[in-house]
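Structure first, commentary second.
All values derive from a computational prediction rather than experimental measurement. Only this structure's heavy atoms are used, side chains among them; waters, hydrogens and symmetry mates stay out. So that the names make sense, note that chain A is the first sequence line, chain B the second, and so on, each numbered from 1.
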Amino acid sequence: MNSVFYNSNGIVNFSAQPSSVLPRSITSCKTARDLKQLHAVFIKTGQIQDPLTAAEVIRFCAFSSQRNIDYARSVFHQMPEPNCFCWNTILRVLAESNNEHHQSEALMLFRGMLCDGRVKPNRFTFPSVLKACARASRLREGKQVHGLIVKFGFDGDEFVISNLVRMYVMCALMEDAYSLFCKSVVDFDGSCQMEVDKRRQDGNVVLWNIMIDGHVRLGDFRSARNLFDEMPQRSVVSWNVMISGYAQNGHFIEAINMFQEMQISNIDPNYVTLVSVLPAISRIGALELGKWIHLYAGKNKIEIDDVLGSALVDMYSKCGSIEKALQVFERLPQRNAITWNAIISAFAMHGSAEDAINYFHLMEKAGVTPNDVAYIGILSACSHAGLVEEGRSFFSHMVKVVGLQPRIEHYGCMVDLLGRAGRLEEAEALIKNMPMAPDDVIWKALLGACKMHKNIEMGERVAEILMELAPHDSGSYVALSNMYASLGNWEAVAGVRMKMKGMDIRKDPGCSWVEIHGIIHEFLVEDDSHPRAKEIQAMLEEMSTKLRLNGYRPNTLEVFLNADEEHKARALQYHSEKIAVAFGLISTAPQYPLKIVKNLRICEDCHASLKLISLIYKRRIIVRDRKRFHHFDHGSCSCMDYW
DNA sequence: GTAGGGTTAG
């Protein structure tokens with residue numbers, strides 16, 4: 001007969017079992033199969049009646065890598081008399097799940113626990129219950145739980161309080177959160193005068209972090225920053241909350257500044273810091289900083305798993321290095337749907353439709369089902385490469401075979417795909433038949449196609465709609481004006497300009513960034529504010545001369561002004577990306593590829609010029625515009641002039 | 001047994 005006994009940690013050991021067949025304890029279970037075998041033995045021996053054993057089983061199914069909440073729940077419900085520890089375990093499992101139904105279930109279960117009455121909740125019960133309320137934004141229940149906490153006398157427990165504050169913060173009730181916060185901070189500070197109680201101090205920082213997080217969630221960065229500056233001490237989490245808050249709300253420069261200040265303050269970035277700051281680096285295109293992060297992870301033994309890996313793949317891709325993106329991707333020990341989406345989107349952005357399609361199929365082969373985002377990636381790849389039939393086939397496969405509901409982003413790709421291939425009527429028909437209202441992005445895609453194919457009739461119509469939909473967006477005015485200009489209709493151009501002036505709409509200034517030796521340099525149109533402006537100017541003149549000698553003629557069609565040709569040619573010379581290239585050429589050695597990030601789309605003239613410049617100066621130039629990458633090399637561009 | 005994270009049409 002098998003004997004069962006416990007070690008000092010309450011972990012069950014099966015020393016009499018042949019180790020090749022059965023795991024010796026729950027902690028040595030590697031797979032769900034191991035656990036099921038062990039569980040079967042527990043049932044057979046009746047040992048499952050022991051609450052500690054049952055709780056260990058629940059914990060394993062809930063928190064190990066073999067996450068199986070259904071299994072945990074069934075073990076729990078089979079217990080005739082679960083003790084408080086078991087209740088706490090199942091409540092925590094449900095509360096921390098990402099599935100919203102589980103949070104509701106946790107609350108129902110907690111209600112059951114109270115009604116049952118055999119077990120009283122303890123101080124470990126409430127954090128989970130509060131977490132469930134917070135995650136599901138269930139304020140009404142949250143307030144009831146607050147009442148119970150007072151009734152049971154746990155309103156002095158730091159874990160309970162921090163979860164209570166967090167619950168109010170997540171329900172956007174900052175006043176309630178503040179009243180608890182202020183009370184606790186005063187209490188804690190009072191007791192800390194006598195003796196520095198480390199745990200209390202930590203608890204204090206946690207509360208500050210939660211409050212900062214609350215302001216960040218509400219988009220109130222000023223209050224968040226004030227608290228951050230005021231707090232008596234900051235933990236790595238305090239920095240992470242600020243960095244991720246900035247990064248997720250489009251304040252990329254602030255996120256990066258915070259990250260750099262963090263290092264000045266001698267706080268070591270951790271895994272979450274890296275994952276939080278990487279998207280900001282991607283958006284700015286700060287490759288050197290991105291590389292530093294990658295190295296830092298390696299040096300500090302921070303594991304590059306699927307999550308950090310996805311962020312790195314995206315960073316390298318958005319910073320212009322598709323080769324490094326692929327290298328990181330290939331070396332990852334595990335890849336999930338997001339990792340695959342990141343590499344597929346990377347190929348799409350860089351114009352390698354073939355690779356995007358290959359990796360899409362590799363993803364399927366690896367047993368990862370492509371989700372809606374994967375289809376956005378693949379459709380955008382088809383659109384950038386002009387693969388109309390392939391795009392159509394992916395779209396219909398997604399709808400008819402996979403049964404995914406297309407989102408507006410999918411329609412956006414299709415409108416772009418059809419429009420740019422010159423099938424303007426089909427694109428317009430698709431917009432009319434979409435199940436949702438078209439947004440400005442959809443109309444902009446069609447307007448771009450009208451401009452490309454010089455369909456002024458449709459262009460005017462679409463621009464009209466856009467001006468109504470997004471009246472303060474300069475894009476539609478500029479596109480319409482450019483369209484008239486390309487037809488030489490200067491009167492109509494003047495009309496659009498008048499309208500813009502009347503509504504005080506200004507064209508977004510073109511802006512380019514180039515990172516040279518780790519420092520980001522920003523250039524605006526006609527920018528002469530750089531310390532090396534004189535040398536840049538001389539370089540621009542030289543470029544201009546060499547371009548002309550190589551047969552280049554300025555393409556002034558897209559110049560916004562109705563000015564004489566010479567003036568327009570000069571305006572073109574000072575587009576921000578050209579200034580950035582000039583600066584790059586004088587600042588770096590020939591083998592150094594220039595990587596430029598531009599806020600708007602690259603214009604046709606700059607595109608033609610950069611192709612020639614890559615030939616004349618034997619320089620690889622990679623430009624990331626608002627939409628995609630252009631790799632200029634040996635006189636041609638990776639987009640094959642289709643963008 | 002407290003806080004924090006990656007991909008997405010133009």
Discussion item. Taking 4.0 Å as the cut-off, does a side-chain nitrogen or oxygen of A:Gln248 come that near to OP1 or OP2 on B:dG4?
Written reply: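 So the side chain of A:Gln248 is outside the cut-off, no N or O lying under 4.0 Å from OP1 or OP2 of B:dG4.
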Discussion item. Taking only side-chain N and O atoms of A:Lys131, does any of them lie within less than 4.0 angstrom of OP1 or OP2 on B:dA3?
Written reply: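 Looking at the OP1 and OP2 atoms of B:dA3, one of them is under 4.0 Å from a side-chain N or O of A:Lys131.
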Applying a 4.0 Å non-hydrogen cut-off, can you work out what [X] is touching in the nucleic acid: base, sugar-phosphate, or nothing?
X: A:Asn371; result: nothing
X: A:Arg234; result: nothing
X: A:Asn336; result: base
X: A:Ser235; result: base
X: A:Asp439; result: base
X: A:Tyr271; result: base
X: A:Leu379; result: nothing
X: A:Asn209; result: base

Item to complete: Please work out which of the three classes, parallel, tilted or perpendicular, describes the rings of A:Phe347 and A:Tyr359, given edges at 30° and 60°.
Response: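 Because their plane-to-plane angle lies in the 30° to 60° range, the rings of A:Tyr359 and A:Phe347 count as tilted.
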Practice prompt. Mind telling me whether A:Trp87 and A:Phe76 have parallel, tilted or perpendicular rings, with 30° and 60° as the class edges?
Written response: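 The rings of A:Phe76 and A:Trp87 stand perpendicular, inter-plane angle above 60°.
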Item to complete: Any pair with a residue in residues 435-445 of chain A that passes side chain to side chain donor-acceptor pair (under 3.5 Å), sequence neighbours left out, goes on the list, sorted by first then second residue, please.
Response: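 Passing the test, one end in residues 435-445 of chain A: A:Lys444-A:Asp473.
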Of the listed nucleotides ([options]), which one gets closest to any side-chain atom of [X]?
X: A:Asn88; options: B:dA3, B:dG6, B:dG1; result: B:dG1
X: A:Asn163; options: B:dG6, B:dG1, B:dT2; result: B:dT2
X: A:Lys318; options: B:dA9, B:dT8, B:dG6; result: B:dT8
X: A:Val373; options: B:dG6, B:dG1, B:dT8; result: B:dT8
X: A:Asp306; options: B:dG4, B:dA9, B:dG6; result: B:dG6
X: A:Val237; options: B:dG4, B:dG6, B:dA9; result: B:dG4
X: A:Ala342; options: B:dA9, B:dG1, B:dT7; result: B:dT7
X: A:Asn270; options: B:dT7, B:dA9, B:dG4; result: B:dG4
X: A:Val275; options: B:dG4, B:dG6, B:dA9; result: B:dG6
X: A:Asn240; options: B:dG4, B:dG6, B:dA9; result: B:dG4

Discussion item. Using a strict heavy-atom distance below 4.0 Å, which residues from residues 427-437 of chain A are in contact with DNA chain B?
Written reply: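 Residues of residues 427-437 of chain A under 4.0 Å from DNA chain B: none.
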In whole angstroms, how far is the [atom2] atom of [N] from the [atom1] atom of [X]?
X: A:Arg335; N: B:dG6; atom1: CZ; atom2: C1'; value: 16 Å
X: A:Met211; N: B:dT2; atom1: CE; atom2: P; value: 21 Å
X: A:Arg407; N: B:dT7; atom1: CZ; atom2: P; value: 14 Å
X: A:Phe159; N: B:dA3; atom1: CZ; atom2: P; value: 10 Å
X: A:Met398; N: B:dT8; atom1: CE; atom2: P; value: 17 Å
X: A:Arg420; N: B:dA9; atom1: CZ; atom2: P; value: 13 Å
X: A:Ile243; N: B:dG5; atom1: CD1; atom2: C1'; value: 12 Å
X: A:Ile408; N: B:dT8; atom1: CD1; atom2: C1'; value: 13 Å

Worksheet item: Would you call A:Arg461-A:Glu428 a salt bridge at under 4.0 Å N-O?
Response: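 Answer for the salt bridge query: yes.
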Worksheet entry | Qualifying residue, where the test is side chain to side chain donor-acceptor pair (under 3.5 Å) with A:Asp372 and the options are A:His410, A:Gln405, A:Arg407 |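 Of all the options given, the one that passes is A:Arg407.
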Worksheet item: In Å and rounded to the nearest 0.5 Å, what is the CD1 to CE distance from A:Ile376 to A:Met398?
Response: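 CE of A:Met398 is found 8.0 Å from CD1 of A:Ile376.
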Worksheet entry | Set of residues satisfying salt bridge (charged side-chain N to carboxylate O under 4.0 Å, His left out) with respect to A:Asp229, sequence neighbours excluded |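 Partners of A:Asp229 by the salt bridge (charged side-chain N to carboxylate O under 4.0 Å, His left out) criterion, ordered by chain and then number, come out as A:Arg225.
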Worksheet entry | Within 6.0 angstrom of A:Glu464 CD, more than 12 heavy atoms from elsewhere |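 Not buried by this count: 12 neighbours or fewer within 6.0 Å.
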Worksheet item: Do A:Arg166 side-chain and B:dT2 base share a donor-acceptor contact under 3.5 Å?
Response: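 Absent.
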Item to complete: Flag this pair as yes if the NZ/CZ of A:Arg123 is under 6.0 angstrom from the six-membered ring centre of A:Phe159 and inside a 45 degree cone about the axis; otherwise no.
Response: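 The answer is no; the distance or angle limit is not met.
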